[in-house]
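Counting starts at 1 for both ligands and their atoms, following the listed order.
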Amino acid sequence: MQSSEAIHPERLGSYDQQSAGYWLEQMISTHQEKHTLCVSFQHDIQVKVRHLTESIVRLTVQAGSDTDSVPSPGITPLAAQPFTIEENQSSVVSRFGELAVTISNGSPASLSISDSQGVSRLRVDSIRFFADGSSQLRLASEAEADYFGLGEKTGWLSKQGSKTVMWNSDVYAPHNLETEALYVSIPYLLKLDAKGATGFLLDAPAKSEWNLQKSHQEITITLDTGAVDFYVILGQDAKQVTERYTELSGRMPLPPAWSLGYHQSRYSYMSQQEVEQLAEEFRSREIPCDAIHLDIHYMRGYRVFTFDANRFPNPKKMVGNLLEQGFHIVPIVDPGVKRDVEYTVYQEGVSGNYFCRRLEGELYFGEVWPGISAFPDFTSSATRSWWGEKHKFYTQLGIQGIWNDMNEPAVFNESKTMELDVMHQAEGRPQPHRALHNLYGLQMSRATYEGLREQLQGERPFVLTRSGYIGVQRYAAVWTGDNRSFWEHMEMAVPMLLNMGLSGIPFAGVDVGGFAYDTQPELLARWTQLGAFLPFFRNHSAIDAIRQEPWRFGEEIEAVCRAAIARRYRLIPYLYSVFAEAARKGWPVVRPIFMEAPGDSTARTVADEFFVGRHLLAAPVLRPQQRKRMVYFPEGEWVDVESGLTYSGAQYHIVDAPLSHMPLFARAGAPIAETDVYSHLQFEHQDVLRIVFYGHPVGETAETLDLYEDDGHSFAYEQKNAYNLVRIQSKRRGNEWIVTLDLVHEGYSTPYTYRELRFTGAAKCWQIDTDYRQDGDDIIVQLPVGQTSRLILRPM
Ligand code: GLC
């Protein structure tokens, strides 16, 4: 005898959940609710349009009577603005500023976003909802468009032809072109075409799959669950769109200067003695270093907020002594709290109701380093405050930086994460993990940052995270997880970090030297040279990998690494000014070549070199035994900062790339701020500030450096305007070369009384209209801090 189950649709194989879907189609009515345009469609679907700025619009498309979709915590909410509306039989158009949205009726209906010229920049051809709660968008595409962004992804700079998944994942291996999901998800595409630059941001903390394999025709995005909630951002070029996109996703607060220095890490430095010896080694070998990271072995049985008393008998003394020598200690803190009834953090988490639970009430447990563990529910502000406060354990010892790991969250099971039906409280809007997965890392970093910020009493915190979502830059720097000591992984780091920068994350880096596997001497040397120009610069290696501190491979490699690290330290005033620009405008610290050469179609194809700010072009050596490399230079002239050789732009050149240093070029005649090399970064002790001009400018457009100066460690820049902004411009006017210094803002008293302007090689062919001295062929002018200036150089 059979039951009805015999005719279960799945048994018959005819049941296709996806075919049970329906489209966004057949417009029924429109109305306005304050500054929201609401358009109703068949199947009870609502489209809501909110113009947020003159160039940013938010569109939500929801089926059923779901409550209005709220922006996730990844978004910095912007208020909706009034707009105009035009309606006819087949479409409705809303307009504000330079952006118009056209909703065209039909089966399916489409949504098109156009600019002030009436040119369509992005079109959603269809949206389909499926019975299982998933949905799919099809974006129209054209062959000439190119796509970038998508956050932390493997592969090339251009995302054309890629397929990817936004689902924060602990992927120890592999990281290759088939690895569709990594630790961070930024569901954001930057589209470049002849019409300009357009950003598309899907606010989807749940899983989404992006298929750009047919991007010459269409892009499909499949969203596992939740409302279709997206933003379109218009601009002329990548820089403008990135600035606007970060209005929405937020910008990095200025990090402490020390976090821009060199960090040394290892899984794990096992004892206090080992850490102290390591620090000594850096100082005695005269290799600059600002931070040492403590991996999981510092803890008692991997319990967060503890130190192992045998291995680290006196952490307070250790932290204090190291701080005096200019080292910051950055301990790792994972989210998993060991299930141990005698452990206060666990007790507090249970009694305070801070851990994730199932709907029915039981705690969720998963296995991570400490064994069976509970996981804080960081979507709840009460949990975040509790977690933040727990960091007193570290801050009382003098610690100012925390490393957040395993916060996808990673769990040692088949799915590699929390079960999808575990609940998150999300401030009174409880939702299952399936819907909010990608927020976990963001919210953990937020808890950490906010806790540290409160406790450090005016000192800037540093947080490093492995996982994140839109807006993670507001709280933390990101490193890209467990890479390998392979040349291929070093090469992949460049486009990955460039796309992260375009996705709003300016402060990011990779494990220099490679995490897993044994690094090789030449690889470490080249990687250190590259790392010195990446925003976050940390050497880190795995427990079973060969030691890879800079001195582990003999004197030659040590000297190369020392020189590479010192080069970064010398350029810190420039780099810090670029960071300040990232904090102000959201522009990446490291930028694809096309970002500084928007009209140049060759520049769009270059994925193995990059700009640091606008004026330094880094051309890392990414292959073994290579002593020359091809470099594409955009329009202008470029000076090899080591040899002084000049290259003219808008073409490729083959340049020398000896093992001793990475090819680095300065925009000819542009201002680059430098200092002397110190063992660590403490701006109060930096008594030299040099503005170096490599070569002379060729164009009449002024090349600008907004030199930014402050104490490098407090929030006085924000609270008391205690910073300087000096606009330095350099340009040609006929035969003359004019350099101006304007004090845009003065609020910080520098340790130096003069700023030194150095014109390299200029004594051979230029004369200057002011007092100067000569150093070899360099002309040097000393300008008292606080003095504006206009210098004219004339050919001899
Ligand atoms: C994870 C991290 C790695 C760390 C290790 C031990 O694999 O990605 O950086 O060293 O855990 O904590």
Side-chain angles (χ1 to χ4, degrees), residues 152 154 168-175 179 181-185 263-271 274-275 278 291-308 311-312 329-338 366-371 373 375 394 401-413 416-417 440-441 444-445 448 462-468 472 476-486 489 492-493 496 500 508-519 527 531 534 536-549:
E152 181 189 68
T154 54
N168 293 349
S169 304
D170 170 22
V171 188
Y172 175 68
H175 294 189
T179 314
L182 278 170
Y183 312 87
V184 172
S185 293
H263 299 235
Q264 183 64 52
S265 185
R266 165 115 186 136
Y267 169 27
S268 300
Y269 291 121
M270 294 289 185
S271 68
E274 194 181 0
V275 172
L278 182 80
I292 296 174
H293 289 230
L294 300 184
D295 209 324
I296 52 175
H297 290 92
Y298 78 86
M299 294 178 264
R300 180 170 63 83
Y302 312 122
R303 287 168 184 82
V304 286
F305 310 106
T306 67
F307 267 95
D308 180 303
R311 293 192 169 125
F312 290 85
I329 288 291
V330 182
I332 197 167
V333 176
D334 294 348
V337 174
K338 188 177 178 65
E367 196 184 334
V368 266
W369 305 124
S373 302
F375 292 81
Y394 299 108
I402 295 289
W403 166 20
N404 283 166
D405 187 23
M406 306 289 278
N407 51 350
E408 293 70 32
V411 181
F412 300 153
N413 63 22
K416 297 193 168 62
T417 194
Y440 199 86
M444 180 184 184
S445 326
T448 309
F462 170 70
V463 179
L464 177 66
T465 182
R466 189 170 75 173
S467 182
V472 65
V478 175
W479 104 102
T480 62
D482 298 341
N483 62 2
R484 299 276 176 283
S485 297
F486 300 157
H489 275 220
M492 193 160 66
M496 186 183 281
M500 287 169 80
V510 298
D511 284 345
V512 165
F515 176 70
Y517 287 79
D518 292 341
T519 202
W527 212 323
L534 299 177
F536 175 61
F537 185 21
R538 183 184 73 160
N539 173 320
H540 180 51
S541 55
I543 193 162
D544 54 351
I546 197 171
R547 295 260 161 181
Q548 60 182 42
E549 294 83 9

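A 4.5 Å side-chain heavy-atom check between Thr465 and Tyr183 finds every atom pair outside the cut-off. Residues Asn404 and Val463 are in side-chain contact: their nearest non-hydrogen atoms beyond the backbone lie under 4.5 Å apart.
With 3.5 Å as the limit, one finds no donor-acceptor pair spanning the side chains of Ser485 and Asp518.
The Trp479 neighbourhood of ligand 1 comprises atoms 8 (O), 9 (O), with distances under 4.0 Å to a heavy atom of that residue. Within the listing of ligand 1, atoms 1 (C), 2 (C), 7 (O), 8 (O) sit less than 4.0 angstrom from a heavy atom of Arg466. Within ligand 1, counting atoms from 1 as listed, the ones closer than 4.0 Å to a heavy atom of Tyr267 are 6 (C), 10 (O). Close approach of ligand 1 to Trp369 (heavy-atom distance below 4.0 Å) involves ligand atoms 6 (C), 11 (O), 12 (O). Listed by number with element, the atoms of ligand 1 under 4.0 angstrom from any heavy atom of Ile332 are 12 (O).
Residue Tyr172 does not touch ligand 1, judged by heavy-atom distances below 4.0 Å. Contacts between Tyr302 and ligand 1 below 4.0 angstrom, taking non-hydrogen atoms only, are absent altogether.
Pairing each heavy atom of Asn168 with each of Ser467, the nearest pair is ND2-OG, 3.2 Å. The heavy-atom pair separating Met270 from Phe312 by the smallest distance is O-CE1, 3.6 Å.
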Which is it for Ile402 and Val330 under the side chain to side chain contact (heavy atoms under 4.5 Å, CB included) test, yes or no, and what are the steps along the way? CA-CA 5 Å; Ile402 295 289; Val330 182; 5.5 Å; no

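Ring geometry for Phe412 versus Trp369: interplanar angle over 60°, hence perpendicular rather than tilted (30 to 60°).
Considering backbone and side-chain atoms alike, Asp511 places every N or O at 3.5 Å or more from each N or O of ligand 1. Distances between N or O atoms of Asp295 and those of ligand 1 include at least one value under 3.5 Å. The N/O atoms of Trp403, backbone and side chain alike, include none that comes under 3.5 Å of an N/O atom in ligand 1.
Looking at Asp405, Ile296, Val171, Asp334, it is Asp405 that brings a heavy atom closest to atom 2 (C) of ligand 1.
The ring pair (Phe, Tyr, Trp, His ring centres under 6.0 Å) with His263 is formed by just one residue from the set Phe537, Trp479, Phe462; it is Phe462.
For Phe305 and Tyr394, the gap between ring centers is short of 6.0 Å.
Protein heavy atom closest to atom 9 (O) of ligand 1, with residue, atom name and distance, is His540 NE2, 3.0 Å. Given atom 3 (C) of ligand 1, the protein heavy atom at minimum distance is Asp482 OD1, 3.4 Å.
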